[in-house]
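Please read the structure below before turning to the comments.
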Amino acid sequence: MEPGEGPGALDLHGDEEIIEVVELGPPGPDDLAEEMEDVDFEDEGAEEPDGEAWESEDDEGVEEGMEAQDDSEVTFSLHSASVFCVSLDPKTNTLAVTGGEDDKAFVWRVSDGELLFECSGHKDSVTCAGFSHDSVFVATGDMSGLIKVWRVDAKEEVWSFEVGDLEWMEWHPQAHVLLAGTADGNTWMWKIPSGDCKTFQGPACPATCGRILPDGKRAVVGYEDGTMRIWDLKHGTSLHVLKGQDGHQDPLTCVASNQDGSLIMTGSVDCHAKLVNSATGKVVCVFKMESVTPKAPISEGEEAESNSVESLGFCNVMPLAAVGYLDGTLAIYDLSTQSLRHKCQHESGIVQLLWEESSAVVYTCSLDGAVRLWDARSGKMISEYRGHSAEILDFAVNKDASIVVTTSGDHQAKVFCVQRPDR
């Protein structure tokens, strides 16, 4: 177990009533100047030969600011509208499933983009899709709440069920069990393919995000009213409820746990990320991001730019956590000192972030259509990959961190080869 990962790292803060709050104010001119010095403009990502190529290409049809540079190896083009979600099969990492606004989901081969089969029969945008832990099943869910499960080798549907409007869906890490959260506040759990069902009743508002903890016995679910619950999956009871001061002031957007499940992090529209001890349900620390002042004076009828936590995650090899914000800030927090370690600025909002499984490298995808790799130790960008002509909406990284699969508003999914020569 790495330092700062186990429950030992929390004991200091376990039952203390004092909660350390880390404030990040808007950057002053000096901070910005310092940050500009840190930015490595001569990045290897910018030096790639493709860099020259796109200037001479026809830029028609490419949105403003989106260069016609394509670093991808494979493009999957069967969707006819925005592609909302992607997952890789955990066992071999050779298959991807994507779902889109065209009410379609496809399972396809990552190596060449070859279609394996279509998950047909959805009647609304497919917003959730994922493989079971052993890659035997793939589940697809649409916004209206129709969930279907397919047996991958037989390419056939084995189960389907209809719930209320679907917010999120996740497979159990060790069993053929599917969890889903809906707009009526319920969290559903099914055994697949038998369909045995259990529900966990939350408050009367959407269950906006959820995650099964690594022990497979508990799940953490966040809600639109700012509350968070840790559920006992076997008994259907809530072990801890965080609300009021302990909860968030605005809807939860994302939740994550560290590798051993001892720590949970929740993110919200209120721009706070809360670190929670999953055993005691106590808030250990609050990371606050103050909204950066709007870039231009707000004219009448125009809203100030909003900010929120969009994605977060824990590093497996160091006591670090990453938080991605809608204003384009990637914050790297040191959990042992509960302080901000680095701020990595993006040109546009961060949609999602993922940590590499066995190193301190964070991947981000953003509204400008690029995937970026960041060294969390130095805060420097390692490389940048482009190819989409619209925002990236979801992405996945394979186990050995050699490929990234992205989905975009440009109706495409792409496979990028990100193996680095230094490894």
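If you read the sequence from its start, that first residue is 1, and numbering goes on from there.
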- Could you tell me whether a side-chain N or O of H272 sits under 3.5 Å from a main-chain N or O of V286, the two making a donor and an acceptor? no

- Task: State, to 0.1 Å, how close F416 and R386 come at their nearest heavy-atom pair, and which atoms those are.
- Result: CE2-O, 3.4 Å

- Message: Distance alone, cut at 3.5 Å: any donor-acceptor contact between the side chains of R109 and T94?
- Response: no

- Message: Any donor-acceptor pair under 3.5 Å linking the side-chain atoms of T406 with those of H388?
- Response: yes

- Side chains of S383 and R372: is there a donor and an acceptor less than 3.5 Å apart? no

- State whether Y223 and R229 meet the cation-pi test: NZ (Lys) or CZ (Arg) under 6.0 Å from the six-membered ring centroid, and within 45° of the perpendicular axis. yes

- Item | Between W231 and T187: side-chain donor-acceptor atoms closer than 3.5 Å | no

- Give a yes-or-no answer on whether the side chains of H248 and D225 include a donor-acceptor pair shorter than 3.5 Å. no

- Query: Using the benzene-type ring in the case of Trp, are the ring centres of H79 and F106 under 6.0 Å apart?
  - Reply: yes

- Report yes or no: does D142 contribute a side-chain atom to a donor-acceptor pair with the main-chain N or O of L146 at less than 3.5 Å? yes

- F395 and Y363 aromatic ring geometry - parallel, tilted or perpendicular at 30°/60° bounds: tilted

- Query: Shortest non-hydrogen contact from S160 to K148?
  - Reply: CB-CG, 3.9 Å

- Message: Can you confirm whether the side chains of E310 and S308 place a donor and an acceptor under 3.5 Å from each other?
- Response: yes

- Message: Could you check whether H122 and D103, counting side-chain N and O atoms only, form a donor-acceptor pair closer than 3.5 Å?
- Response: no

- Mark yes or no for whether K198, through its side chain, and L233, through its backbone, hold a donor-acceptor pair below 3.5 Å. yes

- Query: What closest approach, in Å, do S359 and C315 show between heavy atoms, and which atom pair accounts for it?
  - Reply: O-SG, 4.1 Å

- Message: Would you say the ring centers of F161 and W190 fall short of 6.0 Å from each other?
- Response: yes

- Side chains of T364 and W374: do they bring a donor and an acceptor to under 3.5 Å? yes

- Message: Using modelled atom types and a 3.5 Å cut-off, is there a donor and acceptor pairing between side-chain atoms of D375 and backbone atoms of G379?
- Response: no

- For the pair S366 (side chain) and S348 (backbone), establish whether a donor and an acceptor sit closer than 3.5 Å, ignoring hydrogens and angles. no

- Taking every non-hydrogen atom, the tightest pair across L115 and F117: CD1-O, 3.5 Å

- Message: Using only atom types and a distance under 3.5 Å, with no angle test, would you say the side chain of H240 pairs donor to acceptor with the backbone of A279?
- Response: yes

- Query: Do T337 and S339 have side-chain atoms, one donor and one acceptor, less than 3.5 Å apart?
  - Reply: yes

